[in-house]
Enquirer: 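Structure in structure tokens, see below.
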Protein chains: 2
Amino acid sequence: MFSKACEYGIKATIYIAVKSMRQERVSLKEIAEEVDSPVAFTAKILQSLAKSGIIDSHKGPTGGFQIDESKIDTIKLHDIVHAIDGDKIFVGCGLGLEQCDASQPCPVHDKFVGIRDNLKIMLENTSLYELATGLEIGLTHLKR
Amino acid sequence: MFSKACEYGIKATIYIAVKSMRQERVSLKEIAEEVDSPVAFTAKILQSLAKSGIIDSHKGPTGGFQIDESKIDTIKLHDIVHAIDGDKIFVGCGLGLEQCDASQPCPVHDKFVGIRDNLKIMLENTSLYELATGLEIGLTHLKR
DNA sequence: TTTATTTAGGATAAATTTGTCCGAAATAAG
DNA sequence: CTTATTTCGGACAAATTTATCCTAAATAAA
Ligand code: FES
Ligand code: FES
């Protein structure tokens, strides 16, 4: 469904959000530990999320990653997925045709579009805030 | 969403079904052309679908692939996807946790499971027959 | 200013997926 | 039986994704 990079990116962003809600910055090392992801690979992903403006990064001692607290509520899962995996999952044909087009549909078009749109709506309506809150109160987990 | 192998496999199976409904066998070469897929790669996929019992293959002149006509109605999209991509898409965690488990859920579990289950239900309820029929009457297309 | 710490970024490597090549095996037809 | 045709199956190659390594740049604190 999502790429490994996207899975790591989502988990990392949620973890950073939890810390940011406590006005704490968090280091790459800690993120990778808590998210159970390879450190150097996670660094690349965070780097690109920083370029996308979803998270902020700071170098040096006391450096690390954080998220503007005012954004935590407005950032949606959709934004993270889109930043890492692009929009193929939201607009691409289920059978890989170059373009998904209702006027020249593939055999699964009608049935696939419904699923795809549901996914999109779900991602658009899911805020980083609610994901972070669920994690903070111990309702959900980033590794097992 | 689906692997390339699975996309090709679905399209190939639908095409074979259309031909089989006319009691015609179809060669690898023709399938790859109609489905717009690499010939040798398609051969591997068809080979595995044959081993899974979804399609039948016959060597030699007049050989090719076909589907038992009585099966066309009972084979579901789910069977094809499961044969090629396995069950990860149906039971796997959206964030890649080793196991998707409601008692130790990841942050997206509740919202993801609904989408995943919808996809599964859709695939289980979509028969090869209806997909092949849509293609035969020119309502849908395998390439563009 | 020096040092220690942390992210940035480029090069490289490993793993997986996608794709190719070719001889072997089966088989229909002359 | 011989030949032509078609799938089978193993080895190999290319492309993409995932992951690592190392040096540079920034920066906080002594
Ligand atoms: S054309 Fe295939 S999903 Fe729309
Ligand atoms: S635990 Fe992640 S989707 Fe169920």
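Naming convention: chains lettered A, B, ... in sequence-line order (proteins, then strands); numbering from 1 in each chain. We use all heavy atoms of the structure for the numbers below, so side chains are in, but hydrogens, waters and symmetry mates are not.
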Enquirer: Take the protein atom NZ of K11(B) and the nucleotide atom C1' of dT18(C), then report the distance between them rounded to whole Å.
Expert: 14 Å
Enquirer: What is the distance, rounded to the nearest whole Å, between atom CG of L28(A) and atom C1' of dT5(C)?
Expert: 13 Å
Enquirer: To the nearest Å, how far apart are L46(B) CG and dT20(C) C1'?
Expert: 16 Å
Enquirer: Find the distance K29(B):NZ to dT6(D):P and express it as a whole number of Å.
Expert: 8 Å
Enquirer: Could you write nucleotides 16-28 of chain D as a row of B, S and -, 5' to 3', where a protein heavy atom under 4.0 Å of any base atom gives B, of only sugar-phosphate atoms gives S, and otherwise -?
Expert: --SBB-----BBB
Enquirer: Taking atom C1' of dG9(C) as reference, at what distance in whole Å does atom CD1 of I45(A) sit?
Expert: 15 Å
Enquirer: How many whole angstroms separate atom CE of M1(B) from atom C1' of dT17(C)?
Expert: 19 Å
Enquirer: Could you tell me whether a side-chain N or O of K143(A) sits under 3.5 Å from a main-chain N or O of E33(A), the two making a donor and an acceptor?
Expert: yes
Enquirer: Output yes when at least one side-chain N/O atom of S27(B) is less than 4.0 Å from OP1 or OP2 of dT5(D), else no.
Expert: no
Enquirer: For L135(B), does its backbone N or O pair with a side-chain atom of T140(B) as donor and acceptor, under 3.5 Å?
Expert: yes
Enquirer: Main chain of I89(A), side chain of R116(A): is a donor-acceptor contact present, judged purely on distance under 3.5 Å?
Expert: no
Enquirer: Take atom CD1 of I55(A) and atom P of dT6(C), then tell me their distance rounded to the nearest Å.
Expert: 16 Å
Enquirer: Can you tell me if the side-chain N/O atoms of Q47(A) get under 4.0 Å from OP1 or OP2 in dT7(C)?
Expert: no
Enquirer: Which of these, E24(A), K19(A), R25(A), Q23(A), sits in a side-chain hydrogen bond (donor to acceptor under 3.5 Å, both in side chains) with Q66(A)?
Expert: R25(A)
Enquirer: Is the count of non-hydrogen atoms from other residues, nucleotides or ligands lying under 6.0 Å from Y129(A) atom OH greater than 12?
Expert: no
Enquirer: Run the side chain to side chain donor-acceptor pair (under 3.5 Å) test against E34(A) and tell me which residues pass, sequence neighbours left out.
Expert: none
Enquirer: Mind checking side-chain contact (heavy atoms from CB on, under 4.5 Å) for T126(A) and listing every partner two or more places apart, or none if nothing turns up?
Expert: L77(A), M122(A), E130(A), L131(A), K111(B)
Enquirer: Consider the side chain of S57(A), meaning its heavy atoms from C-beta on, and name the nucleotide among dT7(C), dT7(D), dG9(C) that approaches it most closely.
Expert: dT7(C)
Enquirer: In whole angstrom, give the distance that lies between atom CG of D85(B) and atom C1' of dT16(C).
Expert: 13 Å
